[in-house]
Amino acid sequence: MPSTPLPTARTPAVEDDSRRAFAPLRPALTCALLCAVLFGLLLTLVVLRWGPLMSLDTALAGTLHRTAVAEPGWTRVNRVLTDWVWDPWAMRAVLTVAVCLLLRRGDRRLALWVAATALLGTGLQQAVKAVVGRDRPVWPDPVATAHYTAFPSGHALSALVAGALVLWLLRLAGARPLWRRTARTVVVLSVVGVGFTRVYLGVHWLSDVVGGWLLGGALVAGSAAVHGAFASRAGWPGTARRAG
């Protein structure tokens, strides 16, 4: 009678290697969960029209709008930045270039992953806007106009998703620290800057902008964590050692 093979035991070395492989994914997963929880809390407060949040939104929007009306030159600069430099279509163009470069390198999986993450961000943004249906600020003397509903800000979400994905790709590629620091500076200035322009021009509330940042952060961090898990298990070129 043939003997039954004994199950292979996991040695401490194998378990240590597994823990080391998945350790870099924990910061991304933690960031995703934190952003998701904070977004859910903010969404609840917006839907319930929580008094202190509404007061803060109204006070800040009113102060910035008065400045925008009084400073037409500065307002034109903000309109150029928000309509051309940091417009969602400009952010999509940046990611399109990144996807094309990945395809040129032959990294089709990662190119598809980046494209799917960006498309999912647009879809989530539009879905939440439709469900919440929050009105934009209304002024007797508007300095800019915008369409569709307010929460979350599409400009804020698009800038954060594009910027965070670019930083993630640079990390995966093992880019030099100087390139990564420069890119990080540009991304931070762009994300903060576009959020300011949307409130300054009177087309969004502050909580709309923060909501866009949180939703975008949850999406990209979650995407990076899931990609790292698949890369580690399937042996993809981008391993968990760098994918986190």
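As a basis for the values below, the full set of heavy atoms in this structure was taken, side chains included, without hydrogen atoms, waters or symmetry mates.
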With side chains defined as the heavy atoms from C-beta onward, is the minimum distance between T82 and N78 less than 4.5 Å? no

Only pairs at least two apart or in different chains count here, so list each salt bridge (charged side-chain N to carboxylate O under 4.0 Å, His left out) that has a residue in residues 66-76. none

Nearest heavy-atom neighbours spanning A183 and L170: CB-CD1, 3.5 Å

I'd like to check H204 versus P137 (side-chain heavy atoms, cut-off strictly below 4.5 Å). Are they in contact? no

Worked verdict on L43 versus V132 for side-chain contact (heavy atoms from CB on, under 4.5 Å): CA-CA 8 Å; L43 173 63; V132 176; 3.4 Å; yes

Counterpart residues, side-chain hydrogen bond (donor to acceptor under 3.5 Å, both in side chains), relative to W213 (two or more places apart): none

To the nearest 0.5 Å, what is the distance between CG (L201) and NE2 (H155)? 9.5 Å

Other cluster members, Y148 - Ile/Leu/Val/Met/Phe/Trp/Tyr, side-chain contacts below 4.5 Å: none

Same apolar cluster: V161 and L34, side chain cutoff 4.5 Å: yes

If a pair satisfies salt bridge (charged side-chain N to carboxylate O under 4.0 Å, His left out) and one of its residues is in residues 189-208, list it, with sequence neighbours excluded. R134-D208

Could you list the donor-acceptor pairs under 3.5 angstrom formed by side chains in residues 214-223, with sequence neighbours left out?
residue	atom	partner	partner atom	Å
S223	OG	W113	NE1	2.7
S223	OG	T117	OG1	2.8

The complete set of salt bridge (charged side-chain N to carboxylate O under 4.0 Å, His left out) pairs with one or both residues in residues 115-129, sequence neighbours excluded, reads none

With a 4.5 Å heavy-atom cut-off, do H227 and L110 have their side chains touching? yes

Do L42 and F151 have side chains that get closer than 4.5 Å, going by heavy atoms? yes

Non-hydrogen atoms of T149 and A130 that approach each other most closely: OG1-N, 4.3 Å

Taking salt bridge (charged side-chain N to carboxylate O under 4.0 Å, His left out) as the cut-off, I'd like each qualifying pair that reaches into residues 85-99, sequence neighbours left out, listed once. none

Report yes or no: does W86 contribute a side-chain atom to a donor-acceptor pair with the main-chain N or O of G193 at less than 3.5 Å? no

Any chance you could measure L124, atom CG, to L120, atom CG, to the nearest 0.5 Å? 4.5 Å

List in chain and number order the residues that pass side chain to side chain contact (heavy atoms under 4.5 Å, CB included) with V99, two or more places apart in sequence or in another chain; answer none if no residue qualifies. L103, A111, V114, A115

Find out if a path of hydrophobic residues (ILVMFWY) with successive side-chain heavy-atom gaps under 4.5 Å connects V85 to V199. yes

Answer yes or no: is there a side-chain heavy-atom contact under 4.5 Å between W84 and R79? no

Test: side-chain hydrogen bond (donor to acceptor under 3.5 Å, both in side chains). Region: residues 179-189. Which pairs qualify, not counting sequence neighbours? none

For D135, give me all partners under side chain to side chain contact (heavy atoms under 4.5 Å, CB included), at least two apart in sequence or on another chain. none

Qualifying residues under side chain to side chain contact (heavy atoms under 4.5 Å, CB included), relative to V69, sequence neighbours excluded: H65, D141, V143

Before giving the answer on side-chain contact (heavy atoms from CB on, under 4.5 Å), spell out for L102 and L169 the whole-Å C-alpha distance, their side-chain angles and the decisive distance to 0.1 Å. CA-CA 9 Å; L102 290 171; L169 291 175; 4.1 Å; yes

Is it the case that one hydrophobic cluster holds both V128 and W50, taking links as side-chain heavy atoms less than 4.5 Å apart, direct or via other members? yes

Are L206 and F39 co-members of a hydrophobic cluster defined by side-chain heavy atoms under 4.5 Å apart? yes

Any idea how Y200 and W74 line up, ring-wise: parallel (<30°), tilted (30 to 60°), or perpendicular (>60°)? perpendicular

Honestly curious: do W205 and L60 fall in one hydrophobic cluster under the side-chain, below-4.5 Å linking rule? no

Does the pair M91 and V194 meet the rule for a side-chain contact (heavy atoms from CB on, under 4.5 Å), with working shown? CA-CA 11 Å; M91 299 298 102; V194 75; over 6 Å; no

Less than 3.5 Å apart, any donor N or O on the side chain of S207 or D57 sitting next to an acceptor on the other? yes

Could you tell me the separation between the CH2 atom of W89 and the OG1 atom of T96, rounded to the nearest 0.5 Å? 9.0 Å

What ring-ring contact (aromatic ring centres under 6.0 Å, His included) pairs are there with at least one residue in residues 90-109, not counting sequence neighbours? none

